[in-house]
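Reviewing the structure listed below.
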Amino acid sequence: MAQLPILRYPDPRLHTVARPVAVVDERIRQLVDDMIETMYASEGVGLAATQVDVHERVIVMDTSDQHDQPVVLINPEITERSAEFMLGEEGCLSVPQIYDKVERHARVTVRALGRDGQPFELKAEGLASVCVQHEMDHLLGKVFVEYLSPLKRDRIRTKMLKKTREEQRGG
């Protein structure tokens, strides 16, 4: 397993729409394992393949209290959304140290393939529901800051670009 570099907003590659996984083979299982390692090492609760510059429909997440129950969603599709919404504070490994409120469906049902390539259904609520929707946005080329006002988005973009420049200079 290996930790993968995470793209940082406003990297244009984060806006790439992911294509479906044709076959769940050893390459995809290795990607899943590397993404899980990367997610845990980065102290995240979810990671989409788009964020590690692989533009295929793969998500890993773990919203368990002990962070020991990874869920793998390959080619996920939301099949049901609750009528109720919830407003929650979101962050993103591609937008480090930035948090803001985003409204999401309180519950979703997702159909996907697991790491073994077998289809399954996941009923998610609360944090898991938010995580699924957040990560699925990544597969569509959307970052959570796009739900914020243009002013907030511009401030975050400027902050991220400045941080990247400082890191490249070694400061």
Nearest 0.5 Å please: distance from the [atom1] atom of [X] over to the [atom2] atom of [Y].
X      : Y      : atom1 : atom2 : answer
Ile6   : Leu93  : CD1   : CG    : 4.5 Å
Ser94  : Asp11  : OG    : CG    : 8.5 Å
Met86  : Glu103 : CE    : CD    : 10.5 Å
Thr109 : Glu80  : OG1   : CD    : 4.0 Å
Leu151 : Arg155 : CG    : CZ    : 4.0 Å
Leu4   : Thr38  : CG    : OG1   : 4.0 Å

Flag side-chain contact, heavy atom, 4.5 Å: [X] against [Y]:
X      : Y      : answer
Val32  : Val24  : no
Lys159 : Lys162 : no
Met160 : Pro96  : yes
Arg107 : Glu84  : yes
Leu7   : Gln51  : no
Ile74  : Ile28  : yes
Pro76  : Val132 : no
Pro10  : Leu161 : yes

Are the side chain of [X] and the backbone of [Y] linked by a donor-acceptor contact shorter than 3.5 Å?
X      : Y      : result
Arg153 : Leu148 : yes
Ser82  : His105 : no
Thr79  : Arg111 : no

Judged by modelled atom types alone, do Asp53 and His55 share a side-chain donor-acceptor pair under 3.5 Å?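 Yes, because at least one side-chain N or O of Asp53 sits under 3.5 Å from a partner of the opposite role on His55.
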Do Ser129 and Gln133 pair up side chain to side chain, a donor and an acceptor below 3.5 Å, judged on atom types alone?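 The criterion, which ignores hydrogens and geometry beyond distance, is satisfied for Gln133 and Ser129.
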Same cluster (ILVMFWY, side-chain, under 4.5 Å), [X] and [Y]:
X      : Y      : answer
Val21  : Val52  : yes
Ile78  : Phe85  : no
Leu113 : Val60  : yes
Ile59  : Val108 : yes
Val72  : Leu31  : yes

Considering only distance and modelled atom types, tabulate donor-acceptor pairs under 3.5 Å from the side chains of residues 135-146, sequence neighbours left out.
unit_1 : atom_1 : unit_2 : atom_2 : d
Glu135 : OE1    : Ala48  : N      : 3.2
Asp137 : OD1    : Tyr147 : OH     : 3.4
Asp137 : OD2    : Arg104 : NH1    : 2.8
Asp137 : OD2    : Arg104 : NH2    : 3.4
Asp137 : OD2    : Tyr147 : OH     : 2.7
His138 : NE2    : His134 : NE2    : 3.4
Glu146 : OE2    : His15  : ND1    : 3.4
Glu146 : OE2    : Val143 : N      : 3.0

Crowded around Asp116 CG? As in, over 12 foreign heavy atoms under 6.0 Å?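 Yes, the 6.0 Å shell around CG holds more than 12 heavy atoms from other groups.
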Answer yes or no: are there more than 12 heavy-atom neighbours, outside Glu121 itself, under 6.0 Å from its atom CD?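 Yes, enclosed.
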Please name the pair of heavy atoms, one in [X] and one in [Y], separated by the smallest distance, quoted to 0.1 Å.
X     : Y     : answer
Ser64 : Asp62 : OG-OD1, 2.6 Å
Pro70 : Ile36 : CB-CD1, 3.9 Å
Gln69 : Tyr40 : N-OH, 3.9 Å

All pairs passing salt bridge (Lys or Arg N to Asp or Glu O under 4.0 Å) where residues 31-40 contributes a residue, at least two apart: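 Only Asp33-Arg115 qualify under salt bridge (Lys or Arg N to Asp or Glu O under 4.0 Å).
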Electrostatic pair Glu26:Arg29 at N-O distance under 4.0 angstrom: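 Yes.
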Walk me through it: do Val71 and Leu73 pass the test side-chain contact (heavy atoms from CB on, under 4.5 Å)? CA-CA 7 Å; Val71 174; Leu73 301 170; 4.1 Å; yes
